[in-house]
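First the structure, in the form of structure tokens, and then the observations on it.
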Amino acid sequence: MQPSIPKKFLKPYNPQETESNIYKTWLDSGFFNPDVCVQKGVTRSDAPIFSIVLPPPNVTGTLHIGHATMLAIEDSLVRFERMRGKRTLWLPGTDHAAIATQSRVEKNLEKEKIRRHDLGREEFLKRVHQFAQESHDTITDQIRGMGASVDWSREAYTLDEPRSRAVRTAFKKMYDDGLIYRGYRIVNWDPKGQTTISDDEIVYTEASTTLYTFKYAKDFPIPIATTRPETKVGDTAVAVHPEGKYKKFIGTEYDVDFVGEKIHLKIVADTAVDQAFGTGAVGVTPAHSHTDWEIAQRHQLPLKQVIDEFGKMTVPAPLLAGKKVTEARAAVVDWLKQNELVEKEETITHNLATAERSGGIIEPLPKLQWFVAVNKEFSRNGVSTTLKKIMREAVASGSIKIIPERFEKIYFNWIENLHDWCISRQIWFGHRIPVWYRSNAKKEEIYCDIEPPQGDDWTQDPDTLDTWFSSGLWTFSPLGWPNQTPDFKTYHPTSLLETGYDILFFWVARMILMSGYLLDTIPFHTVYLHGLVRDSKGRKMSKSLGNIIDPLEMTKKYGADAVRLSLLIGTGPGNDSKLSEDKIRGYKNFANKIWNATRFVLENTADVSLETKPQLSAKNESDLQEFKNFSQDITTDIEHYRLYLAAEKLYHYFWHTFADNIIEESKKAIAQSDESLAHSARWTLAYLLVALLKFLHPFMPFVTEAIWESLPKNLKTSEPELLLIASWPFH
RNA sequence: GGGCGAUUAGCUCAGUUGGUAGAGCAAUCCGUUUACACCGGAAAGGUCGGGGGUUCGAGUCCCUCAUCGCCCACCA
């Protein structure tokens with residue numbers, strides 16, 4: 001008897017003609033939305049919650065392979081929890097990514113020889129918003145293409161009105177508590193991007209440079225070493241170690257003429273001076289160095305700014321005035337040589353601070369900016385604490401668990417070194433700082449609130465906020481906060497945050513800060529950090545190397561299931577993984593294997609009913625027992641986030657136990673005359689296939705759902721129409 | 001300078017509380033038997049980076065060295 005099976009099984013599995021239809025079926029069902037699952041009786045209303053926010057991709061273009069990894073991991077977990085009966089919310093969204101997006105648009109404009117100031121704030125922002133919208137549309141298409149079962153009805157954007165309101169609310173509360181302040185301090189100025197950036201946005205690159213040892217003047221007693229001679233016109237002191245060889249000069253003061261600039265130097269004692277480096281004395285430039293600024297603070301030294309926002313010298317000395325720092329450096333060195341003041345020149349390698357986004361060389365400058373005070377004491381529930389303490393405690397107490405654990409140490413180390421967070425940016429795209437100024441003859445007024453002040457004589461601060469300020473709110477702003485919405489009450493704190501280890505500080509730490517401070521709670525219980533996807537040789541993927549594996553292209557070629565599996569298997573938490581097209585191809589073959597095994601099972605099980613279990617042969621009983629043990633193993637692995645193990649084990653079981661062994665054995669059983677043995681084999685095949693589809697579904701949702709929709713009635717009498725909401729076996 | 005990770009078969013990686021070394025891919029040989037050649041079968045391949053220690057027993061724990069990689073700090 002050759003039963004008629006769906007025609008589609010007569011050809012190899014074709015993901016291209018299957019996937020978009022399947023995704024549409026899921027969307028139409030509404031089951032990505034946990035409310036629908038409850039309404040339709042799929043999920044119990046009192047079921048445990050599993051909630052997770054999608055790390056919002058930047059609207060800077062398209063998704064890369066790292067995003068695909070994130071989607072594969074998160075979707076697998078989300079589908080697993082949904083099938084286990086939890087009330088499961090996966091909340092999607094996108095990030096405006098302030099600097100990143102603005103500089104992308106500026107680069108595009110450069111091609112037309114247009115600068116942002118040519119357009120003006122309003123027109124420029126129009127262009128950025130348009131670009132952001134296009135990126136958004138591409139990105140959400142890609143998210144769908146990966147099969148991500150996110151609840152689109154709750155989609156959010158870090159710059160939409162509800163999220164902007166959340167940002168202003170957070171800002172005001174911190175401002176009122178004195179945790180956000182405006183201060184004149186040394187900041188990291190990016191002359192190329194024309195904005196300040198935070199410490200975390202600095203990328204250090206190794207560069208070789210010349211270290212000059214010189215004296216300010218012939219009669220000056222202490223030689224100084226520097227890599228930046230041009231800044232020395234801004235020196236206001238020389239710091240020496242209190243117990244060092246220049247001890248006897250401490251307290252003396254000198255007036256010198258330096259490259260045509262009069263400078264006044266005081267010799268001060270400071271333990272920050274390393275006697276072993278250079279000459280054992282430091283020329284203190286308070287306006288253009290972080291450490292010198294701190295020395296200056298300790299000794300009440302004056303501040304002298306000699307470089308402006310464009311990286312040009314501001315001193316009147318004719319040799320230097322208006323010159324760029326590099327030109328000024330040459331000019332100073334020439335002058336020093338002419339005056340025989342250079343004692344030594346040596347080539348050293350040092351770390352050059354550059355801006356992450358623009359690549360500009362950071363110029364430390366004193367500026368009036370907005371900061372979050374991380375060390376300031378404030379009272380919380382009658383106890384004095386600081387933002388730093390809140391961040392540390394959340395992890396130290398075990399309330400938040402980071403996987404892999406070693407990143408907890410890295411996190412603590414970062415917190416120890418954390419300085420106040422500069423949050424104001426001189427760019428146009430982003431959340432405008434909710435502060436307004438008004439001044440008249442008598443006084444200057446400052447106003448901070450969620451809504452603008454009344455009256456038209458107020459001017460809003462032109463700056464925008466660091467993009468991470470708004471993403472710090474991401475676990476709760478999309479749930480409706482500051483309103484106490486049902487979503488907020490139900491789904492916060494979230495269960496899990498899954499993201500790349502490269503944004504542990506940028507993002508994870510800031511979320512812990514914001515949630516801890518604003519809500520007095522943790523933002524998530526577990527942090528799972530995935531690694532970087534590298535090419536088959538272990539190199540970072542980059543445009544210049546031409547080794548980028550585009551997830552979209554791979555999905556088209558091999559199907560989303562194959563791409564997902566190749567990104568999951570061999571990818572432990574926190575470890576970088578290597579990806580090659582070969583690997584993806586291998587998992588495409590697996591999808592086809594499942595497809596064909598299904599065909600065989602369907603051809604042999606037309607008369608099987610799974611409603612009642614028949615008397616099974618001893619072999620089949622042991623097959624089932626083995627399978628049950630195996631499946632509990634899988635469940636445990638997923639519960640412990642060992643997706644790489646679970647997926648690999650399933651692959652192996654399906655191929656080498658189910659297909660190579662059980663199916664092959666069943667052929668003999670079916671062929672012989674004892675009808676009860678044959679039926680036992682048929683029933684076992686059907687039973688295992690149905691269960692395996694469920695286990696495989698979180699990892700390979702498309703092919704399993706495509707099979708599920710074509711399963712004949714007798715194999716799914718008590719099962720739902722969609723595998724998406726089938727229940728996880730044995731739990 | 002401080003910290004972390006990796007080092008297991010040609011390649012990519014597992015090896016969860018210490019108990020006889022595993023998988024996938026590639027390569028070799030055989031095979032087109034009606035689920036699948038996007039396949040099946042067979043065989044091959046490793047002194048688990050080096051050295052030392054703890055233990056009845058170490059890929060696994062401890063020490064040490066080496067190579068590669070990453071993160072943080074930063075020196076003027």
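We name chains A, B, ... by the order of the sequence lines, and we start the count at 1 in each one. Atoms considered below: every heavy atom in the structure, side chains included; atoms not considered: hydrogens, waters and symmetry mates.
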Considering every strand and a 4.0 Å limit on heavy-atom distances, what is the contact class for [X]: base, sugar-phosphate, or nothing?
| X | value |
| --- | --- |
| A/Arg585 | nothing |
| A/Lys409 | sugar-phosphate |
| A/Ile663 | base |

Discussion item. Between A/Glu553 and A/Lys557, does any NZ, NE, NH1 or NH2 come within less than 4.0 Å of an OD or OE carboxylate oxygen?
Written reply: no
Worksheet, complete the sentence: Sequence neighbours excluded, the answer for side chain to side chain contact (heavy atoms under 4.5 Å, CB included) partners of A/Pro302 is A/Thr236
In whole Å, what separates the [atom1] atom of [N] from that of [M]?
| N | M | atom1 | answer |
| --- | --- | --- | --- |
| B/rG53 | B/rU67 | P | 24 Å |
| B/rG52 | B/rU12 | P | 28 Å |
| B/rC65 | B/rU16 | C1' | 29 Å |
| B/rC74 | B/rC68 | C1' | 24 Å |
| B/rU47 | B/rG5 | P | 27 Å |
| B/rA9 | B/rG24 | C1' | 12 Å |
| B/rA35 | B/rC25 | C1' | 24 Å |
| B/rA66 | B/rG49 | C1' | 8 Å |

Worksheet item: Do A/Tyr501 and A/Asp576 meet the criterion of a side-chain donor-acceptor pair at a distance under 3.5 Å?
Response: yes
Practice prompt. Consider only side-chain N and O atoms of A/His530 and A/Glu498, and report whether a donor and an acceptor are under 3.5 Å apart.
Written response: yes
Worksheet item: To the side chain of A/Phe600, which of B/rA23, B/rA35, B/rU16 is closest?
Response: B/rA35
Residues that [X] engages under salt bridge (Lys or Arg N to Asp or Glu O under 4.0 Å), provided they are two or more places apart:
| X | value |
| --- | --- |
| A/Lys628 | none |
| A/Lys578 | none |
| A/Glu626 | none |
| A/Asp190 | none |

Worksheet item: For A/His241, what residues pass the ring pair (Phe, Tyr, Trp, His ring centres under 6.0 Å) criterion, not counting sequence neighbours?
Response: none
Worksheet, complete the sentence: ring pair (Phe, Tyr, Trp, His ring centres under 6.0 Å) filter on A/Trp335, not counting sequence neighbours, yields A/Phe258
Worksheet item: Between A/Val601 and A/Thr571, who's closer to the 5' end of RNA chain B by nearest nucleotide?
Response: A/Thr571
Worksheet item: Do A/Lys667 side-chain and B/rA35 base share a donor-acceptor contact under 3.5 Å?
Response: yes
May I have the distance from [X] (atom [atom1]) to [N] (atom [atom2]), rounded to whole angstrom?
| X | N | atom1 | atom2 | value |
| --- | --- | --- | --- | --- |
| A/Leu567 | B/rU12 | CG | P | 17 Å |
| A/Lys649 | B/rG15 | NZ | C1' | 10 Å |
| A/His652 | B/rU12 | NE2 | C1' | 16 Å |
| A/Asn604 | B/rA35 | CG | C1' | 9 Å |
| A/Leu602 | B/rU34 | CG | C1' | 16 Å |
| A/Lys583 | B/rC25 | NZ | P | 13 Å |
| A/Tyr411 | B/rC4 | OH | C1' | 18 Å |
| A/Tyr651 | B/rC13 | OH | P | 17 Å |

Between protein and nucleic acid, restricted to nucleotides 68-76 of chain B and to nitrogen or oxygen atoms under 3.5 Å apart, what atom pairs and distances do you find?
{"from": "B/rC72", "atom 1": "O2'", "to": "A/Asn413", "atom 2": "OD1", "distance (Å)": "3.4"}
{"from": "B/rC72", "atom 1": "O2'", "to": "A/Asn417", "atom 2": "ND2", "distance (Å)": "3.4"}
{"from": "B/rA73", "atom 1": "N6", "to": "A/Asn351", "atom 2": "ND2", "distance (Å)": "3.1"}
{"from": "B/rC74", "atom 1": "N3", "to": "A/Asn351", "atom 2": "ND2", "distance (Å)": "2.8"}
{"from": "B/rC74", "atom 1": "N4", "to": "A/Asn351", "atom 2": "ND2", "distance (Å)": "2.8"}
{"from": "B/rC75", "atom 1": "OP1", "to": "A/Thr291", "atom 2": "OG1", "distance (Å)": "3.1"}
{"from": "B/rA76", "atom 1": "O3'", "to": "A/Thr226", "atom 2": "OG1", "distance (Å)": "2.9"}
{"from": "B/rA76", "atom 1": "O3'", "to": "A/Thr227", "atom 2": "N", "distance (Å)": "3.3"}
{"from": "B/rA76", "atom 1": "O2'", "to": "A/Ala225", "atom 2": "O", "distance (Å)": "3.3"}
{"from": "B/rA76", "atom 1": "N6", "to": "A/Asp274", "atom 2": "O", "distance (Å)": "2.5"}
{"from": "B/rA76", "atom 1": "N6", "to": "A/Phe277", "atom 2": "O", "distance (Å)": "3.0"}
{"from": "B/rA76", "atom 1": "N1", "to": "A/Asp274", "atom 2": "N", "distance (Å)": "3.1"}

Discussion item. Are the side chains of A/Leu693 and A/Ile707 in contact, using a 4.5 Å heavy-atom criterion?
Written reply: yes
Fill in: Pairs meeting criterion side chain to side chain donor-acceptor pair (under 3.5 Å) with involvement of residues 646-663 of chain A, two or more places apart
A/Asp633-A/Lys649, A/Asp637-A/Lys649, A/His656-A/Asp660
Worksheet item: Does RNA chain B take part in any stems of at least 3 consecutive Watson-Crick or G-U pairs (both distances under 3.5 Å), and if so, which ones?
Response: B:1-7 with B:66-72, B:10-13 with B:22-25, B:28-31 with B:39-42, B:49-53 with B:61-65
Measure all distances between protein nitrogen or oxygen atoms and nitrogen or oxygen atoms of nucleotides 37-41 of chain B, and list the pairs falling under 3.5 Å.
{"from": "B/rC38", "atom 1": "O4'", "to": "A/Asn589", "atom 2": "OD1", "distance (Å)": "3.1"}
{"from": "B/rC38", "atom 1": "O2'", "to": "A/Asn592", "atom 2": "ND2", "distance (Å)": "3.4"}
{"from": "B/rC38", "atom 1": "O2", "to": "A/Asn589", "atom 2": "OD1", "distance (Å)": "3.4"}
{"from": "B/rC38", "atom 1": "N3", "to": "A/Lys588", "atom 2": "NZ", "distance (Å)": "3.4"}
{"from": "B/rC39", "atom 1": "O3'", "to": "A/Lys593", "atom 2": "NZ", "distance (Å)": "3.1"}
{"from": "B/rG40", "atom 1": "OP1", "to": "A/Lys593", "atom 2": "NZ", "distance (Å)": "3.1"}
{"from": "B/rG40", "atom 1": "OP1", "to": "A/Trp655", "atom 2": "NE1", "distance (Å)": "2.3"}
{"from": "B/rG40", "atom 1": "OP1", "to": "A/Asp660", "atom 2": "OD1", "distance (Å)": "3.4"}

Worksheet item: Does anything in residues 277-301 of chain A pair up under salt bridge (charged side-chain N to carboxylate O under 4.0 Å, His left out), and if so which pairs, sequence neighbours excluded?
Response: A/Asp270-A/Arg298
